Student: 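Quick one: this structure, given as C-alpha cells, is what I'll be asking you about.
What you are looking at is a predicted structure, and each value in this text was computed from that prediction instead of being measured. Numbering of residues begins at 1 and proceeds along the displayed sequence.
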Amino acid sequence: MKEIGGVKFHVYTSPMAAGASASVVIETKSSLILQDVQQNKPQMDDLKSLIQSLGKPLRRIYISHDHSHHWVGLEMFPGIPVYANQATIEGMKQKGEGELQAMKSQFGPETIPYSKVVVPGNVVEAGSEEVIDGVRFVFNSPAPELTGPVIFMEFPDQKVMITHHLAYVG
C-alpha cells in the first residue's frame, strides 16, 4: 500500500503460476474503486479479503482491457457497476465465452468456478475525466498502436498512473 495525497493504492499481484495478473484497489476517503479482478478463485478470495479488510464500500470496477485474466471472475462482485472502453466490451462480447471455457479447461473448475461472462455495462472513453469522492481520475490510451485499446488510469493530483499490469507511483 502506498498513500499519496489522501489516496491509498493497494496493489495485489498474483503469483506467476496463477496467471501473474495485477489488481489495484484505489481507496478514497469513503469508498473503494477496483481496477481489474483476479482470474483464479484463490487469488480472487485474497483480493476480496483485502477489499473487505478496508471497511469501505466497493463503488465500481474498471477493466483495463479485454484479456480474460483481467475480467474472468467479475461475477464475484454482483451489483457493482463495471466500466470498460467500448473495444473491451465488444471483445468480451465476441470472445468472452470461449475464453472463459478455455480457462476452465486449462486451470480446472475448482480454480475457475465462474459460470458466466459479465460484460461491463458502462463505457469509459479515452481522454475522459471523472471526480470520484474528490479524487480526479483521468482515463487515457496513450499508445494504442503498441498496447491495443488498453485504458490507463491517471491520478494527476497524486502523480500516479496505473497501466497494463503496473502501477507507477511517483
Student: What heavy-atom pair brings I162 and Q35 nearest, and what distance separates the two atoms?
Tutor: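 Residues I162 and Q35, closest heavy atoms: CG2-OE1, 2.6 Å.
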
Student: Using atom types as modelled and distance alone, determine if a side-chain donor or acceptor of K41 lies under 3.5 Å from a backbone N or O of P109.
Tutor: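 Pair absent, no side-chain N/O of K41 close to backbone of P109.
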
Student: As an exercise, state the distance from NZ of K2 to NZ of K8, rounded to the nearest 0.5 Å.
Tutor: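 So the NZ of K2 and the NZ of K8 are separated by 13.5 Å.
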
Student: Verify whether one side chain among D36 and S64 offers a donor that lies under 3.5 Å from an acceptor in the other.
Tutor: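 There is such a pair (donor and acceptor under 3.5 Å, judged by atom type) between the side chains of D36 and S64.
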
Student: Mark yes or no for whether S14, through its side chain, and Q43, through its backbone, hold a donor-acceptor pair below 3.5 Å.
Tutor: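 Flag not set: sc S14 to bb Q43 has no pair under 3.5 Å.
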
Student: Hydrogens and angles aside, do E90 and Q86 bring a side-chain donor and acceptor to less than 3.5 Å of each other?
Tutor: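 Yes.
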
Student: Can you measure from NZ (K48) to OG (S53) and round to the nearest 0.5 angstrom?
Tutor: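 Atom-to-atom, K48:NZ and S53:OG are 13.5 Å apart.
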
Student: Could you tell me which non-hydrogen atom of G73 sits nearest to which non-hydrogen atom of M44, and how far apart they are?
Tutor: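 For G73 and M44, the tightest heavy-atom pair comes out as O-CE, 3.3 Å.
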
Student: Would you check if the side chain of W71 reaches a backbone N or O of I63 as a donor-acceptor pair within less than 3.5 Å?
Tutor: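 Pair absent, no side-chain N/O of W71 close to backbone of I63.
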
Student: Mind running side chain to side chain contact (heavy atoms under 4.5 Å, CB included) on F77 and I51 for me, showing each step along the way?
Tutor: CA-CA 11 Å; F77 296 97; I51 290 168; 4.0 Å; yes

Student: Look up atom CG in L100 and atom CE in M92, then write down how far apart they are to the nearest 0.5 Å.
Tutor: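 Atom-to-atom, L100:CG and M92:CE are 10.0 Å apart.
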
Student: Using side-chain heavy atoms (C-beta onward) and a distance below 4.5 Å, is V24 in contact with L34?
Tutor: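 Side chain of V24 against side chain of L34, heavy atoms only: no contact under 4.5 Å found.
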
Student: Does V123 reach the side chain of N85, with side-chain heavy atoms less than 4.5 Å apart?
Tutor: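 A side-chain contact is absent here, since even the closest heavy-atom pair is not under 4.5 Å.
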
Student: Mind checking the CG-CG spacing from D45 to N40? Nearest 0.5 Å is all I need.
Tutor: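 Reported to 0.5 Å precision, the distance equals 10.5 Å.
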
Student: Taking only residues two or more places apart in sequence or in another chain, which ones pass side chain to side chain donor-acceptor pair (under 3.5 Å) with S30?
Tutor: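 If we apply the side chain to side chain donor-acceptor pair (under 3.5 Å) test to S30, skipping adjacent residues, the hits are D133.
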
Student: Looking only at side-chain N and O atoms, does H67 offer a donor or acceptor that is under 3.5 Å from a partner on H65?
Tutor: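 On atom types as modelled, these side chains qualify, holding a pair under 3.5 Å.
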
Student: Mind listing the closest non-hydrogen atom pair of Q39 and Y114 along with its distance?
Tutor: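 Nearest heavy atoms, Q39 then Y114: O-CE1, 2.9 Å.
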
Student: Scan residues 99-128 for pairs that pass salt bridge (charged side-chain N to carboxylate O under 4.0 Å, His left out), counting only residues two or more places apart or in two chains.
Tutor: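 Listed once each, the pairs are K95-E99.
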
Student: Check residues 54-61 and write down every donor-acceptor pair under 3.5 Å in which the side-chain atom is one partner and the other belongs to a residue at least two apart or another chain.
Tutor:
from	atom 1	to	atom 2	distance (Å)
K56	NZ	E27	OE2	3.0
K56	NZ	T28	O	2.7
K56	NZ	K29	O	3.3
R60	NH1	Y62	OH	2.8
R60	NH1	E130	OE1	2.7
R60	NH1	E130	OE2	3.3
R60	NH2	Y83	OH	3.3

Student: Picking from I26, V160, V138, T163, what satisfies side chain to side chain contact (heavy atoms under 4.5 Å, CB included) with M153?
Tutor: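 For M153, the side chain to side chain contact (heavy atoms under 4.5 Å, CB included) check succeeds only for I26.
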
Student: Below 4.5 Å, heavy atoms only, C-beta onward: do I89 and V119 meet side chain to side chain?
Tutor: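 Side chain of I89 against side chain of V119, heavy atoms only: contact under 4.5 Å found.
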
Student: Answer yes if the ring centres of F152 and F139 are under 6.0 angstrom apart, and no otherwise.
Tutor: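 When the ring centroids of F152 and F139 are compared, they turn out to be at least 6.0 Å apart.
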
Student: With sequence neighbours left out, which residue pairs that include part of residues 72-82 fulfil the side-chain hydrogen bond (donor to acceptor under 3.5 Å, both in side chains) condition?
Tutor: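 Found E75-S115.
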
Student: Run the side chain to side chain donor-acceptor pair (under 3.5 Å) test against K93 and tell me which residues pass, sequence neighbours left out.
Tutor: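 With neighbours one apart ignored, the set is empty.
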
Student: Would you say that V131 contacts F137 through its side chain, given a criterion of any heavy-atom pair below 4.5 Å between the two side chains?
Tutor: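 No; the side chains remain at least 4.5 Å from each other.
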
Student: Just how far is it from atom OG of S68 to atom CD of E97, taken to the nearest 0.5 Å?
Tutor: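 Answer rounded to 0.5 Å: 12.0 Å.
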
Student: Closer than 3.5 angstrom, by distance alone: can the side chain of S105 be matched with the main-chain N or O of Q101 as a donor-acceptor pair?
Tutor: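 Flag set: sc S105 to bb Q101 pair under 3.5 Å.
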
Student: Quick one: list whatever passes side chain to side chain donor-acceptor pair (under 3.5 Å) with N122, sequence neighbours left out.
Tutor: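 Checked N122 against side chain to side chain donor-acceptor pair (under 3.5 Å); zero matches.
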
Student: Shortest non-hydrogen contact from A22 to Q38?
Tutor: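 Heavy-atom minimum between the residues: C-NE2, 3.8 Å.
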
Student: List the atom of L74, the atom of V118, and the distance in Å for their closest heavy-atom pair.
Tutor: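 The answer is CD1-O, 3.4 Å.
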
Student: Between S49 and D46, do the side chains contain a donor N or O and an acceptor N or O under 3.5 Å apart?
Tutor: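 No pair is found: no donor N or O on one side chain lies under 3.5 Å from an acceptor on the other.
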
Student: Can you name the nearest heavy-atom pair linking F155 to V135, along with the distance?
Tutor: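 The pair with the smallest heavy-atom distance is CD2-CG1, 3.9 Å.
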
